[in-house]
There are 2 protein chains.
Amino acid sequence: MLPFDVDRSSPVPLYFQVAQQIEAAIDSGTLAPGDRLENEVALADRLGLSRPTMRQAIQSLVERGLLVRRRGVGTQVVQGRVRRPVRLSSLHDDLVRSGQHPTTTVLLHETGPAPAEVALTLGLAPGTDVVTLGRLRCVDDGPLAVLHNWLPADLLPADADLTHHGLYEVLRAQGVHLRVASQQISAEGADAETAGRLGLDPGAPVLVVERTCWDDSGRAVEFARHHYRADGYTVEMTLVDP
Amino acid sequence: MLPFDVDRSSPVPLYFQVAQQIEAAIDSGTLAPGDRLENEVALADRLGLSRPTMRQAIQSLVERGLLVRRRGVGTQVVQGRVRRPVRLSSLHDDLVRSGQHPTTTVLLHETGPAPAEVALTLGLAPGTDVVTLGRLRCVDDGPLAVLHNWLPADLLPADADLTHHGLYEVLRAQGVHLRVASQQISAEGADAETAGRLGLDPGAPVLVVERTCWDDSGRAVEFARHHYRADGYTVEMTLVDP
DNA sequence: TAGTGGTCTAGACCACCTC
DNA sequence: AGGTGGTCTAGACCACTAA
């Protein structure tokens, strides 16, 4: 009988409060892998919530792969540690969050007509002006990634300080709310220039991430092509079957 | 005013019927990128549904990145084509679905005590028996991937025909319902053996996918390490910010 | 048969955005 | 001020699982 409770005077939604408490119980081991949760109705009753609200709390954890549900059986904690992250976050923020100290060198920052591929991806008329950005991202150990980005020209202020701030941070400050990203991950042998930047031999394996982002109005905000040192970066993700 | 309607005698959930019709309208261009959807209440009224049911339909498309919602504003179709896939599916099924003809050579199929790393990942006691599987997956063009899998020994029948059926297909036939997968994607230079299998030079870039799967009871079903030819395979995913 | 999650209803109030 | 999505309620019936 876990000591869940909710604070109805809080601005935090009730379903979210409950989801956080269940997640905390899983993290702390109070709910062990394989454990069954109380059923939805009983939990709702005990917390003084309606069943739909209780369901929403559980559903949010199911969608993140922490819990599994079976009709007629119940809800259980997934065995083993699910890799949590891969949110729609920036590399810069991810590095800071993991305790590193990323530094950035701006290699290229210019405005001009969009290349055909970029215009197509961003849904812009051919020849529309875009900002082309090239950056080298380093961590304590040395170079980690070469980052290329293309954005509609009106989104990025000309005097943006990309040396000390991540791109997404700058965009947030502009009132851009990223909402959806579609990305494609592949491997390549580094070309001479990329290899030089990353301190690798030409042909050395690099991880390539191509990403297109849209904001909360559905507008394309960015196309990115990033080349990562293979020994310094992995992409993690969790899939849940509907 | 789109001609949506629902069939209340169908076993397909109402929210799913509606979601399918909205998605079809987006695919066909009837709902163009940037278009606003009717508001939730009006749509629910028009279709004779309650608002929560209508919301569930829209929500499912928002979570897949096809629609974006803003409070006080409305719901819009995302500009540009979101990459749809990355479900919890097998490589074999994905290849068949994309019109290719995968063939499989079983390199290794043996049972023995789990290596420490595998036992840890699957949450098994050290020394528990697991099936170790090595396969070479080819398509019309030639070799595509070297697949290594480790499964609890009781999950895979000894006489499973892995030459003509995908692993997940065999598991489904055993009554195993995969539900959650956690995977990590990286790049490597191919070692001599992998390079030989894939028809590459040693050190050539390969995409590495490590995946752990759980079924609908939360039990760990599989740990996989796959090496893909870099020129033949990419991983696609869509991220949506909550 | 008893218990579980899956779906659905008909309302309600609120926060936020645009005008 | 009016319209939008975000949250929440108190029920209901059904499909599926397990004993």
Side-chain angles (χ1 to χ4, degrees), chain A residues 6-20 22 35-63 66-78 175-177 179 215-219 240-242, chain B residues 6-20 22 35-63 66-78 175-177 179 215-219 240-242:
Chain A
V6 294
D7 173 8
R8 300 195 86 101
S9 70
S10 161
V12 178
L14 300 179
Y15 78 89
F16 194 80
Q17 293 184 37
V18 176
Q20 280 184 314
I22 297 175
D35 278 2
R36 288 238 333 239
L37 222 61
E38 294 168 67
N39 74 61
E40 295 179 354
V41 179
L43 262 177
D45 269 1
R46 190 153 72 76
L47 300 187
L49 300 172
S50 69
R51 187 181 163 205
T53 300
M54 194 62 229
R55 249 188 97 71
Q56 192 177 2
I58 295 175
Q59 181 65 16
S60 68
L61 298 176
V62 169
E63 274 160 13
L66 277 67
L67 299 174
V68 289
R69 283 200 283 211
R70 275 182 299 169
R71 169 159 28 187
V73 178
T75 305
Q76 288 174 283
V77 179
V78 167
V176 176
H177 303 102
R179 190 58 63 87
D215 69 4
D216 58 3
S217 73
R219 180 169 68 145
V240 179
D241 221 32
Chain B
V6 294
D7 172 8
R8 301 196 85 103
S9 71
S10 162
V12 178
L14 300 179
Y15 77 89
F16 194 81
Q17 293 185 36
V18 176
Q20 280 183 314
I22 298 176
D35 277 1
R36 287 236 336 237
L37 222 63
E38 294 168 67
N39 74 61
E40 295 179 353
V41 179
L43 262 177
D45 269 0
R46 190 152 73 77
L47 300 187
L49 300 173
S50 69
R51 187 179 163 206
T53 300
M54 195 62 230
R55 249 187 97 71
Q56 193 177 0
I58 295 175
Q59 181 65 16
S60 68
L61 297 176
V62 168
E63 274 159 14
L66 277 66
L67 299 174
V68 289
R69 284 202 283 211
R70 275 181 299 169
R71 183 186 337 215
V73 178
T75 304
Q76 289 174 281
V77 179
V78 167
V176 176
H177 302 102
R179 192 57 63 85
D215 70 4
D216 57 3
S217 73
R219 180 170 67 147
V240 179
D241 221 33

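Below, chains carry the letters A, B, ... as their sequence lines are ordered, and counting in each starts from 1.
A straight line from CZ of B:F16 to P of C:dC8 spans 12 Å, rounded to a whole angstrom. As a whole-Å value, the separation of B:D216 CG from C:dT4 P is 18 Å. Across the protein-nucleic acid pair, A:R8 atom CZ and D:dC8 atom P stand 8 Å apart, rounded to whole Å. Rounded to whole Å, atom P of D:dT9 lies 14 Å from atom CG of A:L43. In this structure, B:D45 places its CG atom 17 Å from P of C:dC8, rounding to the nearest Å. Atom pair A:Q76:CD and C:dT4:C1' shows a separation of 12 Å (rounding to whole Å applied). Between the CE atom of B:M54 and the P atom of C:dT7 there is a distance of 16 Å, rounded to whole Å.
Taking the side chain as every heavy atom from C-beta outward, A:L67 and A:V77 approach each other to under 4.5 Å. Taking 4.5 Å as the limit, every side-chain heavy atom of B:V240 sits out of range of all side-chain heavy atoms of B:E63.
When the side chain to side chain contact (heavy atoms under 4.5 Å, CB included) test is applied to A:V73, the partners found at least two apart in sequence or on another chain are A:R70.
Closest approach of B:S217 to A:Q76, counting heavy atoms only: O-OE1, 3.4 Å.
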Between protein and nucleotides 2-6 of chain D, what N or O pairs are separated by less than 3.5 Å?
{"from": "D:dT4", "atom 1": "OP1", "to": "B:N39", "atom 2": "ND2", "distance (Å)": "2.9"}
{"from": "D:dT4", "atom 1": "OP2", "to": "B:N39", "atom 2": "ND2", "distance (Å)": "2.8"}
{"from": "D:dT4", "atom 1": "O2", "to": "B:G72", "atom 2": "N", "distance (Å)": "3.0"}
{"from": "D:dG5", "atom 1": "OP1", "to": "B:T75", "atom 2": "OG1", "distance (Å)": "3.1"}
{"from": "D:dG5", "atom 1": "OP2", "to": "B:E40", "atom 2": "N", "distance (Å)": "3.0"}
{"from": "D:dG6", "atom 1": "OP2", "to": "B:R55", "atom 2": "NH1", "distance (Å)": "2.9"}
{"from": "D:dG6", "atom 1": "OP2", "to": "B:R55", "atom 2": "NH2", "distance (Å)": "2.9"}
{"from": "D:dG6", "atom 1": "OP2", "to": "B:R69", "atom 2": "NE", "distance (Å)": "3.2"}
{"from": "D:dG6", "atom 1": "N7", "to": "B:R51", "atom 2": "NH2", "distance (Å)": "2.8"}
{"from": "D:dG6", "atom 1": "O6", "to": "B:R51", "atom 2": "NH1", "distance (Å)": "2.9"}

Next on the checklist: side-chain contact (heavy atoms from CB on, under 4.5 Å), that's the test. Do B:R8 and B:L49 meet it? Break it down for me.
Outcome noted: CA-CA 10 Å; B:R8 301 196 85 103; B:L49 300 173; 3.9 Å; yes
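Identified under the salt bridge (charged side-chain N to carboxylate O under 4.0 Å, His left out) test for residues 48-61 of chain A, with sequence neighbours left out: A:E40-A:R51, A:E40-A:R55.
Between B:T53 and the phosphate of C:dT7, there is no side-chain N or O to OP1/OP2 separation shorter than 4.0 Å.
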